[in-house]
Engineer: 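The structure is given below, and queries will be raised subsequently.
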Amino acid sequence: MPPVVRFAPSPTGRLHIGNVHTALFNWLFARHEGGEFRLRIENTDTSREVAEATGQIQESLRWLGLDWDGEVTFQLDRMERCREEAERLLAEGKAYEDEGAIRMRMPDEGVTVWDDLIRGHIEYPNEKLEDLVLVRADGRPTYNFASPIEDWLDGITDVLRGEDHIPNTPKQIRILEALGAPLPRYGHLANIFGADGKKLAKRHGSVSVEDFRAEGYLPEALFNFLALLGWSYDDKTTVMSRDELVERFTLDRVGSSPAIFDYAKLDWLNGVYARALDSDDYASALLTWLREQGNEWDAELVRASVPLVQEKIAKFAEYPAFAGFLFGEVEPDRGLIDGSSPVLEEAERALAELEPFEAEPIEDALRGLADRLELKPRDAFQPIRVAVTGSRVSPGLFESIELLGREQTLDRLRAARAAAA
RNA sequence: GCCCCCAUCGACUAGCGGUCCAGGUCACGGCCCUUUCAAGGCCGUAGCGCGGGUUCGAAUCCCGCUGGGGGCACCA
C-alpha cells in the first residue's frame with residue numbers, strides 16, 4: 001500500500017529552512033514510493049497565527065517544486081470532531097475534566113515503545129507522561145490531541161517529522177490507542193543547525209525559503225543541497241536532479257545525527273546549477289529575480305551580460321555589484337588609479353576611433369597599448385578596469401567595454417583621469 | 001533537575017566486523033592556466049571524542065563517561 005505522508009506547518013511566519021527540509025524528505029519519500037504528500041496547516045493556536053503565513057508557505061513550497069496532493073486542510077476545521085472524540089474518551093473513563101479542560105489519563109507504569117523509521121527502537125518511560133490536556137477550557141483542542149486525530153482521519157501512514165517531536169510521539173501513540181485508532185509509523189529526522197551548532201537563525205544567514213529566494217539561489221540547487229543534509233545516495237554522488245533524487249531516495253539512507261547548514265557548500269552547488277543552465281534560461285531566471293527585487297534594468301542589456309557573468313557569480317545576489325556598472329554611473333575609488341600613469345589617456349585614444357567596437361579588436365588595441373607602454377597586461381588593464389567598471393573585480397574587461405559602448409567608456413576614462421589628477 | 005535523541009576530517013557524508021595505515025564533496029593551502037574575479041586542471045593539510053569490554057580481528061557490536069542537541073505548557 002502506497003504511503004500517505006503529510007507536512008504540517010503552523011502558520012506563524014515564513015517557512016523556515018529546517019521545516020522545508022522536513023517537507024522535502026516527506027515529499028521525496030512519497031514520490032519515490034508512489035504515495036501521497038498532503039499539506040495541512042496546524043492553526044489551532046489562533047493567537048500566534050500570522051495572516052499571510054498560509055499563503056507564503058504554499059508559495060515557498062511551490063517555488064521549491066514541492067507539490068502536494070489534494071486540498072490544503074486546516075486543523076481548526078476539525079475542532080468539532082476533536083471535541084467529540086474527547087467526549088467519547090470522557091464517557092469511556094479514559095479522560096477526565098479538570099477546571100473546564102479535558103485531560104487524558106496516562107499510564108504511569110511501563111514504557112511506550114515504537115520502531116522509529118530512522119532511529120530504530122525508541123523507549124519512553126510512561127511515568128514521564130503526564131495527563132495532558134486534550135481540549136482547553138475554551139473548547140479548542142491542543143496540538144497533541146488534534147494532530148494524531150488528523151493523521152488518523154487523513155489516513156496518514158507515515159509521520160516523518162523533526163526530532164524535537166520525539167517526546168510527543170509516546171503521547172500521541174497513547175491517544176491513538178485510547179481512541180482505538182490505527183498507529184502510523186513514525187520517523188524522526190535530525191535537526192539542522194547553524195555553524196555554531198545552535199538553532200539556525202538569522203545571524204547565521206538566510207533562514208526562510210523566501211530569504212534564499214531573495215538571495216538569488218536556484219530552487220533546484222537548494223533542493224539538491226537540502227536533500228544531502230541527512231541523506232546520501234552513495235559515497236560519491238553529490239549533484240542530482242529532482243528526478244534522480246526521487247528515484248534514489250530511500251529512508252534507510254537517512255541519517256540520525258544532526259547536520260550543520262553550510263552556506264559555502266550551497267553557494268558552490270548553486271554555481272554548479274547556474275553554470276549548467278542554458279544561457280537563455282539563465283537570463284530568464286536572472287530577469288525574474290531582478291524583477292522580484294524591484295529592479296527594472298534594461299532586459300536586453302541584462303540578457304547581453306549573461307555570457308559575462310554566468311560563470312563568474314554563484315548566485316544572483318552578486319549580480320548588482322558585479323555587473324551594475326552596465327546600468328548606471330560608477331564611482332571609481334581614486335586610490336586605485338595612478339594619476340601620473342598615461343594608461344587611461346592612451347586607452348581613450350586607442351578606443352576613440354576603433355572599428356568595430358567589439359571585444360576582440362578592443363583586446364587587440366589594449367594589448368598593443370600595454371606593449372607600447374611596456375606594462376604587464378595586469379598592470380595596464382587594472383586602472384582601465386577600475387575606471388570603466390568602478391571596481392577591481394569585474395567581468396572580462398574587453399567584453400565589458402563592448403557592452404558599455406564607446407561613448408560611456410570614453411566618458412568614464414575621462415572622468416577617472418580628471419578625478420585622479 | 002528529570003526524560004529522550006545524537007557522536008567519522010573545519011562542514012556534509014561513505015563506512016552496516018576483516019577488502020579502511022578510513023573514501024567522496026565543500027571549505028582551506030600550494031602549483032598550473034590567467035586582464036581582475038570566477039571557472040577549470042593537478043597536488044596537499046585534515047577525522048573514527050574518551051575509557052572499558054566482546055572478538056582471532058572494531059570506525060563498525062555492548063556498557064560507562066564526556067560532549068552536543070531536544071523535550072518536560074490549557075504553544076505547535
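Just the heavy atoms: all of them, side chains too, but no hydrogens, waters or symmetry mates, feed the values below. Chain identifiers are assigned alphabetically (A, B, ...) following the order of the sequence lines, protein sequences preceding nucleic acid strands; residue numbering begins at 1 within each chain. Model, not experiment: these values are computed from the prediction.
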Engineer: Please check if the number of heavy atoms outside A:R105 that lie under 6.0 Å from its CZ is greater than 12.
Structural biologist: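 Yes, the 6.0 Å shell around CZ holds more than 12 heavy atoms from other groups.
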Engineer: Does the ring of A:Y96 carry A:R103 above it, NZ/CZ under 6.0 angstrom from centre and within 45° of its axis?
Structural biologist: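 Not satisfied by the 6.0 Å and 45° rule.
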Engineer: Are more than 12 heavy atoms, taken from residues, nucleotides or ligands other than A:E84, located less than 6.0 Å from that residue's CD atom?
Structural biologist: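 Atom CD in A:E84 is packed in, count exceeds 12.
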Engineer: Any base atoms under 4.0 Å from A:H165, or only sugar-phosphate, or nothing? Heavy atoms, all strands.
Structural biologist: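 Base contact.
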Engineer: For A:E130, which contact category applies under a 4.0 Å heavy-atom criterion: base, sugar-phosphate, or nothing?
Structural biologist: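 Sugar-phosphate: the residue A:E130, judged by heavy atoms under 4.0 Å, touches backbone atoms but no base.
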Engineer: Return the nucleotide paired to B:C9: Watson-Crick means purine N1 to pyrimidine N3 with N6-O4 or O6-N4, wobble means G-U with N1-O2 and O6-N3, both under 3.5 Å.
Structural biologist: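 Pair assignment: B:C9 / none.
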Engineer: Between P on B:G71 and CD1 on A:I166, what's the gap in Å once rounded to a whole number?
Structural biologist: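 Going from A:I166 (CD1) to B:G71 (P), I get 11 Å.
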Engineer: Across the strands shown, which category fits A:R253 at heavy-atom distances under 4.0 angstrom: base, sugar-phosphate, nothing?
Structural biologist: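 If one applies the 4.0 Å heavy-atom cut-off, A:R253 turns out to touch the sugar-phosphate alone, with no base involved.
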Engineer: A:N144 CG to B:G71 P: how many Å, rounded?
Structural biologist: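 Taking CG of A:N144 and P of B:G71, I get 13 Å after rounding.
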Engineer: Using the C1' atom on both, measure B:A38 against B:A76 and round to a whole Å.
Structural biologist: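 Pairwise C1' distance, B:A38 against B:A76, rounds to 44 Å.
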Engineer: With rounding to the closest Å, how many angstrom separate the P atoms on B:G69 and B:U8?
Structural biologist: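 Straight-line distance between the two P atoms is 15 Å.
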Engineer: Please report the distance separating the C1' of B:A11 from the corresponding atom of B:G68, rounded so that it comes out in whole Å.
Structural biologist: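 One C1' to the other, the span is 16 Å.
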Engineer: List for me each residue that meets ring pair (Phe, Tyr, Trp, His ring centres under 6.0 Å) alongside A:F212, sequence neighbours excluded, and say none if there are none.
Structural biologist: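 By the ring pair (Phe, Tyr, Trp, His ring centres under 6.0 Å) rule, A:F212 matches A:Y217, A:F261.
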Engineer: Using a 4.0 Å heavy-atom cut-off, does A:A101 contact any base of the nucleic acid, only the sugar-phosphate backbone, or nothing at all?
Structural biologist: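 The answer is base, as A:A101 lies within the cut-off (heavy atoms under 4.0 Å) of a base atom.
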Engineer: Any strand is fair game: report the nucleotide pairing with B:A38 by Watson-Crick or G-U wobble, both distances under 3.5 Å, or none.
Structural biologist: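 Answer to the pairing question: none, since B:A38 forms no Watson-Crick or G-U pair.
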Engineer: Could you give the CG-to-C1' distance, from A:L229 to B:A11, as a whole number of Å?
Structural biologist: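 For the pair A:L229 CG and B:A11 C1', the rounded distance is 10 Å.
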Engineer: Suppose you measure atom C1' in B:U19 against the same atom in B:G41; what distance do you get, rounded to whole Å?
Structural biologist: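 Comparing C1' positions in B:U19 and B:G41 gives a spacing of 31 Å.
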Engineer: Could you run through nucleotides 58-64 of chain B and give me one letter per nucleotide, 5' to 3': B if any protein heavy atom sits under 4.0 Å from the base, S if only the sugar-phosphate is that close, - if neither?
Structural biologist: -------
Engineer: Which value, in whole Å, describes the distance between the C1' atoms of nucleotides B:G40 and B:C33?
Structural biologist: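 Their C1' atoms lie roughly 8 Å apart.
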Engineer: Between A:R119 and A:S256, is any side-chain donor less than 3.5 angstrom from a side-chain acceptor?
Structural biologist: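 Checked: A:R119/A:S256 side chains show no N/O donor-acceptor pair below 3.5 Å.
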Engineer: Could you write nucleotides 32-45 of chain B as a row of B, S and -, 5' to 3', where a protein heavy atom under 4.0 Å of any base atom gives B, of only sugar-phosphate atoms gives S, and otherwise -?
Structural biologist: ---BBBBSS-----
Engineer: Determine which nucleotide pairs with B:C50, using a 3.5 Å limit on both distances of a Watson-Crick or G-U wobble pair.
Structural biologist: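 Partner of B:C50: B:G64.
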Engineer: More than 12 heavy atoms of other residues, nucleotides or ligands under 6.0 Å from CD of A:E331: is that the case?
Structural biologist: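 Atom CD in A:E331 is not packed in, count stays at 12 or less.
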Engineer: Compare the minimum distances between each of B:A7, B:A76, B:G23 and the side chain of A:D235, then state the nucleotide with the smallest one.
Structural biologist: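 Looking only at heavy atoms from C-beta outward on A:D235, the closest nucleotide is B:G23.
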Engineer: Could you please name the partner base of B:C28, counting Watson-Crick and G-U wobble pairs only when both distances are under 3.5 Å?
Structural biologist: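 With both distances under 3.5 Å, B:C28 matches B:G44.
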Engineer: How many whole angstroms separate atom CZ of A:R161 from atom P of B:C5?
Structural biologist: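 Spelled out: CZ on A:R161 to P on B:C5 is 15 Å.
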Engineer: 5'-most contact on RNA chain B: A:E163 or A:A195, nearest heavy atom basis?
Structural biologist: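 It is A:E163 whose nearest nucleotide is closer to the 5' end.
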Engineer: Which nucleotide, if any, forms a Watson-Crick or G-U wobble pair with B:G1, using both distances under 3.5 Å?
Structural biologist: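 By the stated definition (distances under 3.5 Å), B:C72 pairs with B:G1.
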Engineer: Identify the nucleotide, in any strand shown, that forms a Watson-Crick or G-U wobble pair with B:C21, with both distances under 3.5 Å; if there is none, say none.
Structural biologist: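 Base-paired to nothing in any strand shown.
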Engineer: Partner lookup for B:C33, please. Criteria are Watson-Crick or G-U wobble with both distances under 3.5 angstrom; report none if nothing qualifies.
Structural biologist: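 Checking every strand shown, B:C33 finds no partner, since no pair has both distances under 3.5 Å.
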Engineer: Using ring centroids (six-membered ring only for Trp), state whether A:F25 and A:F249 fall under 6.0 Å.
Structural biologist: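 Judged by ring-centre distance (under 6.0 Å), A:F249 and A:F25 do meet the cut-off.
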Engineer: If we take the P atom in both B:G30 and B:C9, what is their distance in whole Å?
Structural biologist: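 Approximately 24 Å lies between the P atom of B:G30 and that of B:C9.
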Engineer: Within a reach of under 6.0 Å around CD of A:E71, are more than 12 heavy atoms found that belong to other residues, nucleotides or ligands?
Structural biologist: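 Incorrect, the count does not exceed 12.
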Engineer: How far does the C1' atom of B:A27 sit from the matching atom of B:C16, given to the nearest Å?
Structural biologist: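 It works out to 29 Å between them.
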Engineer: Just the rounded figure in Å: distance from P of B:C4 to CG of A:D164.
Structural biologist: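 Rounded to the whole Å, the gap is 17 Å.
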Engineer: Measuring only the C1' atom in each nucleotide, how far is B:G70 from B:A14? A whole number of Å is fine.
Structural biologist: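 Comparing C1' positions in B:G70 and B:A14 gives a spacing of 27 Å.
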Engineer: Name the nucleic acid region contacted by A:K236, choosing base, sugar-phosphate or nothing; use a 4.0 angstrom heavy-atom cut-off, strictly under.
Structural biologist: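 Answer is sugar-phosphate: A:K236 comes under 4.0 Å of backbone atoms only.
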Engineer: Would you confirm whether the ring centroid of A:W68 sits within less than 6.0 angstrom of the ring centroid of A:F37?
Structural biologist: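 So the answer is no for these two rings.
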Engineer: Would you mind checking if A:D364 and A:R367 are paired as a salt bridge, meaning a charged N to carboxylate O distance below 4.0 Å?
Structural biologist: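 No, A:R367 and A:D364 are not salt-bridged.
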Engineer: Check whether A:W152 forms a cation-pi arrangement with A:R81 (NZ or CZ under 6.0 Å from the six-membered ring centre, at most 45° off the ring normal).
Structural biologist: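 The answer is yes; both the distance and angle limits are met.
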Engineer: By nearest nucleotide on RNA chain B, pick out whichever of A:R119 and A:G230 is the more 5' one.
Structural biologist: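 In this pair, the answer is A:R119.
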Engineer: Hey, does A:N43 reach any base, or is it just sugar-phosphate, or nothing, if we go heavy atoms under 4.0 Å?
Structural biologist: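 Counting heavy atoms under 4.0 Å across all strands, no contact is made by A:N43.
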Engineer: Nearest to the side chain of A:P258, heavy atoms from C-beta on, is which of B:A73, B:C6, B:A11?
Structural biologist: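 Out of B:A73, B:C6, B:A11, the nucleotide with an atom closest to A:P258's side chain is B:C6.
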Engineer: Whole angstrom is fine here: how far is it from CD in A:E97 over to P in B:C74?
Structural biologist: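 In whole Å, B:C74 P and A:E97 CD are 16 Å from each other.
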Engineer: Do A:M79 and A:C82 come within less than 4.5 Å of each other through their side chains, counting heavy atoms only?
Structural biologist: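 Contact flag for A:M79/A:C82 side chains = no.
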Engineer: For this output row, return yes or no: ring centroids of A:W27 and A:F223 closer than 6.0 angstrom.
Structural biologist: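 Yes, they do, as the ring centres are separated by less than 6.0 Å.
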Engineer: Scan A:N168 against the nucleic acid and name what it touches under 4.0 Å (heavy atoms): base, sugar-phosphate only, or nothing.
Structural biologist: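 Base, at least one base heavy atom under 4.0 Å.
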Engineer: Base, sugar-phosphate alone, or nothing: which one does A:A137 contact when heavy atoms must sit under 4.0 Å apart?
Structural biologist: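 It contacts base atoms.
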Engineer: Nearest-Å distance, CZ (A:F193) to P (B:C5)?
Structural biologist: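 Nearest whole value for this atom pair: 16 Å.
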Engineer: Given B:G69, is OP1 or OP2 found less than 4.0 Å from the side-chain N or O atoms of A:K198?
Structural biologist: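 So the side-chain polar atoms of A:K198 do come within 4.0 Å of the phosphate oxygens OP1 or OP2 of B:G69, strictly under.
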Engineer: Looking at B:C74, B:A76, B:C4, which one has an atom nearest to any side-chain atom of A:E99?
Structural biologist: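 Closest of the options to the side chain of A:E99: B:C74.
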Engineer: Base, sugar-phosphate, or nothing: which does A:T12 touch, judged by heavy atoms less than 4.0 Å apart?
Structural biologist: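 The residue A:T12 makes no contact with any strand.
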Engineer: Output the rounded distance in Å from CZ (A:F261) to P (B:U13).
Structural biologist: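 The answer, rounded to whole Å, is 12 Å.
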Engineer: Would you say a side-chain N or O of A:R40 is under 4.0 Å from OP1 or OP2 of B:A76?
Structural biologist: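 So the side chain of A:R40 is outside the cut-off, no N or O lying under 4.0 Å from OP1 or OP2 of B:A76.
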Engineer: So what does A:D267 touch, heavy atoms closer than 4.0 Å: a base, only the sugar-phosphate, or nothing?
Structural biologist: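 Nothing, no heavy atom under 4.0 Å.
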